[in-house]
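This report concerns only the one structure given below.
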Number of protein chains: 2
Amino acid sequence: MRIAEAALRSGLSVDTIRYYEKSGTVPEIRRGPDRQRRFSQENIDWLTLLYWLRETGMPMKTMHRFASLYQVGDSTICERKQVLMAHAEHLKKRRADLDRCEQLLAHKLAIYKDIEG
Amino acid sequence: MRIAEAALRSGLSVDTIRYYEKSGTVPEIRRGPDRQRRFSQENIDWLTLLYWLRETGMPMKTMHRFASLYQVGDSTICERKQVLMAHAEHLKKRRADLDRCEQLLAHKLAIYKDIEG
DNA sequence: GCCTTGACCTGGAGTTGCTCCAGCTTGGTA
DNA sequence: TACCAAGCTGGAGCAACTCCAGGTCAAGGC
């Protein structure tokens, strides 16, 4: 699979995929005889995970660390688990933020209603 | 009130407050005879709103537009309402993203459990 | 056989939204 | 009067993309 399809499937843009590869956040993307990238299903799964981690606020540094651990092998599973669990905690915080903002918006909108009469 | 306290109350950093003022995203912050900023309660409310809008992903451009509308006066309330309602919609999308990511994390963590035995 | 087209490549500049820093002013305390 | 904390400005630095110029390569049309 080529980069255009990889982008469609993972949710990332073509440029972002190249950027992630360059910065070492994606393990081993093979190249064809034409020097162009060929994505395996494993690559797509990885990129998709990165997409969601990034979308929900994980910093590049952490993603990079996670990728390094992945490349070492099974001996790092415990550490990787900790990274993901920490991110799950982070999601809770984000959800609370959304709740808080939603309340604030409802409050503001109610005020506007009063002014308009 | 001075900038340090304004930062504490709004959630923004001192630098970010200055940055927002410079880029025209905060209406009229008064200055004392020492040329230092003095924040009114209205300022704090505004900065707090900005904090939550930004925290939940509203781009600077939109916040800036919202600020411009605010400075025109009550005649723009309808438009401002639309900005906030659009953002409320955006919050729903974010919540769906969090759900999706949470599922993915749960799935990955389950796989790790299997590997570890 | 040559030309065009389209997908991909690289290196590097540009953008957004902060964040940090040097060097200066000012008001309050010892 | 000397010093210190808190604030000021302009500008550099940074994260995470995003866009662009200029080039390669394979396939299809004439």
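A, B, ... follow the sequence lines: proteins, then strands. Residue 1 opens every chain. Keep in mind that what you see is a predicted model, and the values were worked out from it rather than measured.
- Of the candidate nucleotides dC20(D), dG17(C), dC8(D), dG17(C) has the atom lying nearest to any side-chain atom of Tyr19(B).
- Contact check, Arg54(B) against dC18(C): a side-chain N or O comes under 4.0 Å of OP1 or OP2.
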Evaluate the side chain to side chain donor-acceptor pair (under 3.5 Å) criterion for residues His90(A) and Thr56(A): first the C-alpha distance (whole Å), next the side-chain angles of each, then the deciding distance (0.1 Å), finally the verdict. CA-CA 9 Å; His90(A) 171 80; Thr56(A) 54; over 6 Å; no
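- The distance from the CD atom of Glu21(A) to the CG atom of Asn43(A) is 9.0 Å, given to the nearest 0.5 Å.
- Between Leu12(B) and Thr48(B), every side-chain heavy-atom pair lies at or beyond the 4.5 Å cut-off.
- Between Phe66(B) and Trp46(B), the gap from one ring centroid to the other is short of 6.0 Å.
- Both Met60(A) and Pro33(A) lie close to DNA chain D; mapped to their nearest nucleotides by heavy-atom distance, the more 5′-ward contact belongs to Met60(A).
- Side-chain proximity of Arg31(B) to the nucleotides dT9(D), dG7(D), dC9(C) is greatest for dT9(D).
- Atom C1' of nucleotide dC18(C) and atom OH of Tyr51(B) are separated by 14 Å, given to the nearest angstrom.
- For Ile3(A), taking side-chain heavy atoms from C-beta onward, the closest of the listed nucleotides dT18(D), dG7(D), dC9(C) is dC9(C).
- For Glu21(A) and dC17(D), the CD to P distance is 15 Å, given to the nearest whole Å.
- Using a 4.0 Å heavy-atom distance criterion, Arg18(A) is classed as a base contact.
- At whole-Å resolution of the value, CZ in Arg38(B) and C1' in dG27(C) are 10 Å apart.
- Sequence order on DNA chain C of the closest nucleotides to Lys61(B) and Arg35(A) puts Arg35(A) first from the 5' end.
- Ion pairing of Glu5(A) with Arg9(A) is present here, as a side-chain N (NZ or NE/NH1/NH2) and a carboxylate O approach within less than 4.0 Å.
- Atom-to-atom, CD1 of Ile17(B) to P of dA6(D) comes out at 16 Å; the value is rounded to the nearest Å.
- Rounded to an integer number of Å, the gap from Asp34(A) CG to dC25(D) C1' is 7 Å.
- Within the 4.0 Å cut-off from OP1 or OP2 of dT10(C), at least one side-chain nitrogen or oxygen of Arg37(A) is found.
- Here Thr16(B) reaches the OP1 or OP2 of dT19(C): one of its side-chain N or O atoms lies under 4.0 Å away.
- Proximity note for Lys22(A) (side chain, C-beta onward) versus dG11(C), dG7(D), dG10(D): the nearest is dG11(C).
- Distances shown here put a side-chain N or O of Tyr20(A) below 4.0 Å from the OP1 or OP2 atom of dC17(D).
- Per the geometry, CG belonging to Leu50(B) stands 14 Å off C1' belonging to dC18(C), to the nearest Å.
- Side-chain proximity of Asp15(B) to dT18(D), dC21(C), dC8(D): nearest is dC21(C).
- Computed from coordinates, the Arg30(A) CZ to dC9(C) C1' distance equals 17 Å when rounded to whole Å.
- A straight line from NE2 of His64(A) to C1' of dA15(D) spans 14 Å, rounded to a whole angstrom.
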